[in-house]
Amino acid sequence: MRPWIPLLLAVLPVACPAAAQDRYVPLEQRLDPARLADVGLTPDQLQQLNGLLRDAQAQAPVAVDAPPPTARATPPAAAPMFIGLDDGPIKAHATGSITGWQPGTLFTLDNGQQWQVLKGEMTLRRALQDPPIEVVPGIAGRWFLQVDPDLPKARVFRVR
């Protein structure tokens, strides 16, 4: 038996409750021809699967006065694969003059946040006054401060 047949047997009655309660409807009538062709069943396999589904429906208990399934307005949020990557970048302006950074340098942003450099060192050719910056998330809760897209980022952590 194909490994997807038990899954199909379990899903179809739930996906089509009206068909499961009233009478069996063959797969050829449930699916459009293109989707049915994508499954790749031969006519013999399709006939066998219809027979299995018909038998399973006949043996399944009938739910009495079961409420209709309700559709959710929004699908549940999936758990993030990597902590921090689902956070968006923070765009703001640094306050004051920026000449560079090294571990320990504290950046104060115009939105009230403070970020301190943990790793990275850079000396700018010329001082920047209140430059726009972006603090972007990385993997596992790491954050990186970017003064200019052409310059290396500094690894930072939020102080306030």
Side-chain angles (χ1 to χ4, degrees), residues 1-94 101 107 109-120 122 130-160:
M1 182 188 284
R2 305 271 181 186
W4 47 266
I5 290 177
L7 177 65
L8 193 58
L9 288 172
V11 170
L12 281 177
V14 174
C16 306
Q21 291 174 359
D22 297 335
R23 62 180 179 81
Y24 178 75
V25 178
L27 290 174
E28 301 90 91
Q29 294 175 8
R30 293 183 190 188
L31 304 173
D32 62 32
R35 291 189 75 182
L36 194 56
D38 287 343
V39 174
L41 294 174
T42 66
D44 291 336
Q45 290 172 330
L46 186 58
Q47 183 180 4
Q48 183 181 9
L49 183 57
N50 275 324
L52 289 170
L53 292 171
R54 183 175 289 112
D55 293 344
Q57 179 183 343
Q59 295 173 2
V62 178
V64 179
D65 294 326
T70 58
R72 290 184 176 207
T74 57
M81 287 188 63
F82 297 106
I83 297 170
L85 285 181
D86 290 341
D87 296 326
I90 299 167
K91 295 182 181 185
H93 285 82
W101 57 86
F107 286 92
L109 309 183
D110 60 357
N111 64 6
Q113 294 180 356
Q114 288 185 335
W115 294 83
Q116 188 170 1
V117 176
L118 184 64
K119 288 184 179 179
M122 181 75 192
D130 299 328
I133 59 106
E134 189 171 8
V135 184
V136 295
I139 295 177
R142 293 184 173 115
W143 288 88
F144 298 91
L145 185 130
Q146 182 173 357
V147 175
D148 185 294
D150 296 333
L151 296 177
K153 296 177 184 135
R155 183 166 166 209
V156 294
F157 64 95
R158 188 170 174 182
V159 177
R160 182 177 71 152

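Surrounding CD of Gln48 are at most 12 heavy atoms belonging to other residues, nucleotides or ligands under 6.0 Å away.
Using a distance-only test at 3.5 Å, with no hydrogens or angles considered, no donor-acceptor pair links the side chain of Asp110 to the main chain of Ala92. Without hydrogens or angle criteria, Arg30 side chain to Val25 main chain gives a donor-acceptor distance under 3.5 Å. Side-chain N or O atoms of Gln45 include one that pairs as donor or acceptor with a backbone N or O of Thr42 at under 3.5 Å.
Residues Val156 and Val117 approach most closely at CG1-CA, 3.9 Å, considering heavy atoms. The nearest pair of heavy atoms linking Glu134 to Pro89 is OE2-CB, 3.3 Å. Between Pro152 and Trp101, the closest heavy-atom pair is O-CZ2, 3.4 Å.
Judged as a side chain to side chain donor-acceptor pair (under 3.5 Å), and not counting sequence neighbours, Gln47 has no contacts. Listed by chain and number, the residues in a side chain to side chain donor-acceptor pair (under 3.5 Å) with Asn50 are Tyr24, Glu28 (sequence neighbours excluded).
Separating the NZ atom in Lys119 from the CZ atom in Arg155 is a distance of 5.0 Å, to the nearest 0.5 Å. Annotation: the span from Ile133 atom CD1 to Ile90 atom CD1 amounts to 8.0 Å, rounded to 0.5 Å. Here CG of Leu145 is found 13.0 Å from CZ of Arg158. Values are rounded to the nearest 0.5 Å. Note: Leu118 CG to Arg142 CZ = 9.5 Å, rounded to the nearest 0.5 Å. Summarising the geometry, atom CE belonging to Met122 is positioned 14.0 Å from atom NZ belonging to Lys153; distances are rounded to the nearest 0.5 Å. Leu27 CG to Leu46 CG: the interatomic distance, rounded to the nearest 0.5 Å, is 6.0 Å.
Under the ring-ring contact (aromatic ring centres under 6.0 Å, His included) rule, Trp143 has a single partner from Phe157, Phe107, Trp115, which is Trp115.
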